[in-house]
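Note that the structure is predicted; figures quoted are calculated from it, not measured.
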Amino acid sequence: MPPTDSIAELKGAVEAAARALRDGEPTEPAPTLDRPPKPDLGDYSSNAAMLLAGPLGDNPRAVAERLRGELEGILGGEVGNLDRVEVAGPGFVNLYLSDAWYRRALAALVAAGDGLGPAPTDAPERILVEFVSANPTGPLHVGGGRGAAYGDAVVRLLAAVGHEVEREYYINDAGTQITKFAESISARMKGEPLPEDGYKGDYVVELGKEIAGEGIDPDDLAAVGDRGIALMIDQVRGTLERFGVVMDTWFSERSLVEKGDAEAALAKLDAGGHTYRHEGALWLRTTDFGDDKDRVLIRSDGEPTYLMPDIAYHWDKLDRGFGRLIDVLGADHHGYVARLRASIEALGADPDSFEALIMSLVHIVEDGQRAQMSKRSGDFVSLDDLIDDIGTDAARWFMLSRSHETTVDIDLALARKQASENPVYYVQYAHARIASILRKASAEGGGGDAEGRTVPLEDSEKALIKRLLEFPHEVREAAARRAPHRICAYSTAVAADFHAFYRDCQVVGADGDGVEASRLALCLVAKRTVAGALGLLGISAPERM
RNA sequence: GCGCCCGUAGCUCAGCCGGAUAGAGCGUCGGUCUACGAAACCGAAGGUCAUUGGUUCGAAUCCAAUCGGGCGCACCA
């Protein structure tokens, strides 16, 4: 028997009560089941009466009174889930649940195990999330790190709700910037001045030394470039692994070109009648699909623009059977989305299968000044530096705790100084604290039984149980909205509720019939939930700190 | 000029497919360790939710306009 979703049961009861007032007709939109703003307004509340007032031609409070009668019948009496129902404010129906309901809810959480409970998603998809995809011409900087943390967390969220998801990094290993990169390395190897707009960072010097040490001729630009890219990709891969991100696929742009996929995509666009020649260039009529101007595919000098292989690349993704393509892109690429989407539609694919998530900027602030982050100037904060400084857990937390579409400043001095009172440590501390309690309990032979308890629950126990019940919903919301920052907020709330519970309630050795056992069960679920939430963020949940 | 994003507490930000007295962290001020971890807890102060108008029983949330900030508008990637 699958574990019960206690909240879904309550929601079902409210809907049933609403239907009863309308001869079985469902309410549109569905009534809410929320946590009221204040504890004395009940455990849960619904706006059903306000929604029904119009259709029933009665005032909300009168409707609420009728709902109250229905709900008392459904949840009260022998069912025993209800202490009482009250009508408050403009017509809210407030539910006050019994201890028996809480005991059963806790037991259901224990039974749910490490999973998210029933029905994580209604429509599983095969999803490819492409993220980071930084040019392999330099180390990963913090902006790429934010994209990495975000893309990875989105993958974890989507996987958690039942989608089949893969991580992919698109390597721009063809084109003019690669030539410039090779020229820069070569110049360093020969001790000559950098070319115009060359790559200036010290890492280019290091690359030059390493490549020279391998006996590669500095004048063999193709060999220098290939080796340089290979070394950079190795470095980026290593940085990402330190950061907890492991790609399923590293997809080479060059391989695409060599396979002839670009020509194939072009042929398909031609056949569809979406291209035309103008002033010596080949254009794609993206304006037919919502773009604000047409785009060049092949320049008048015969070279393809970067859009050409990118179209082929996205076509390839679809061809591999992914029903949804998610691109995590930097803020400076948002102007690119419309043409890519249009291109996908021009290929005959459903443009809604393509989703671009635009990352806002991240600034590293030191001594009140923003560090510059231009790869070519060589003056930027690398992700490796940041990890060295504040660690993967803190770095990921800071990057994930805010919406991806808002700019974020990370003040290094502050992050260092506050290390001991950082929000991520706050949550991790809660986990370590629970672990400590459970260790002690197990040493003393205590176990967790959620239901065999006759002593009433404390308010802070109820608050924690309610919080833990929200986890599956929070995960679904965070996944649906591509919003891992919600999980940060939720983790903090769980930790806060746990600390309040800890303050009020002795666990090990608690007095009362079944009290210790039920509190141990609560600790067990709380620990699992914190670990699960942190896991979705790619942040460790330490047993000890 | 056009497009996208953002204006919420001193600071950094949640809340945004409408709900009750708008939240968190940090910072400030004041309390709490002879019970399982004080990296914690409790309390206080702190707000014209940029502005104006509209929709609604109800707007931080939806719509319009305005103001302010960021980013983008290549035959560069």
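Not a single salt bridge (Lys or Arg N to Asp or Glu O under 4.0 Å) links A:E458 to another residue, sequence neighbours left out.
Between A:D40 and A:K440, the residue whose closest nucleotide on RNA chain B is further toward the 5' end is A:D40. Remark on RNA chain B: of its neighbouring residues A:K38 and A:S360, the 5'-side contact belongs to A:S360, judged by nearest-heavy-atom nucleotide.
Note on A:K317 versus A:E130: salt bridge recorded, some NZ/NE/NH1/NH2 to OD/OE distance being below 4.0 Å.
Syn is the classification of B:C33, since its glycosidic angle stays within 90° of 0.
Between A:H431 and A:F498, the ring centre distance reaches or exceeds 6.0 Å. A centroid separation of less than 6.0 Å is found between the aromatic rings of A:F471 and A:Y490.
Aromatic ring orientation, A:H274 versus A:F289: perpendicular (interplanar angle above 60°, classes split at 30° and 60°).
The OH atom of A:Y336 sits 15.0 Å away from the CZ atom of A:R341 when rounded to the nearest 0.5 Å.
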Which pairs would a plain distance check flag for residues 55-64 of chain A, meaning a side-chain donor or acceptor within less than 3.5 Å of a matching protein atom at least two apart in sequence or in another chain?
residue: A:N59; atom: OD1; partner: A:R61; partner atom: N; Å: 3.1
residue: A:N59; atom: OD1; partner: A:A62; partner atom: N; Å: 3.0
residue: A:R61; atom: NH1; partner: A:G89; partner atom: O; Å: 2.7

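Within residues 54-68 of chain A, no residue places a heavy atom under 4.0 Å from RNA chain B.
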Annotated structure of RNA chain B as dot-bracket, pair cut-off 3.5 Å, Watson-Crick or G-U only, | for inter-strand, is (((((((..((((.....[...)))).(((((.......))))).....(((((..]....))))))))))))....

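Within 4.0 Å of A:Y502, counting heavy atoms only, lies at least one base atom of the nucleic acid. Looking at heavy-atom distances under 4.0 Å, A:V408 makes contact with sugar-phosphate atoms alone, never a base.
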Heavy-atom contacts, protein to nucleotides 68-77 of chain B, under 4.0 Å, summarised as B (base), S (sugar-phosphate only) or - (none) per nt, yield ---BSSSBSB

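Among A:R503, A:R519, A:R467, the one residue that satisfies the salt bridge (Lys or Arg N to Asp or Glu O under 4.0 Å) test with A:E461 is A:R519.
Atom CD1 in A:I437 sits roughly 15 Å away from atom P in B:A40 (whole-Å rounding). Distance A:Y429 OH to B:C36 P: 10 Å, rounded to the nearest Å.
Ring-base stacking between A:F92 and B:G19 is not satisfied when judged by a centre separation under 5.5 Å and a plane angle under 30°.
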Please list, for nucleotides 29-31 of chain B, all pairs of protein and nucleotide N/O atoms separated by less than 3.5 Å.
none

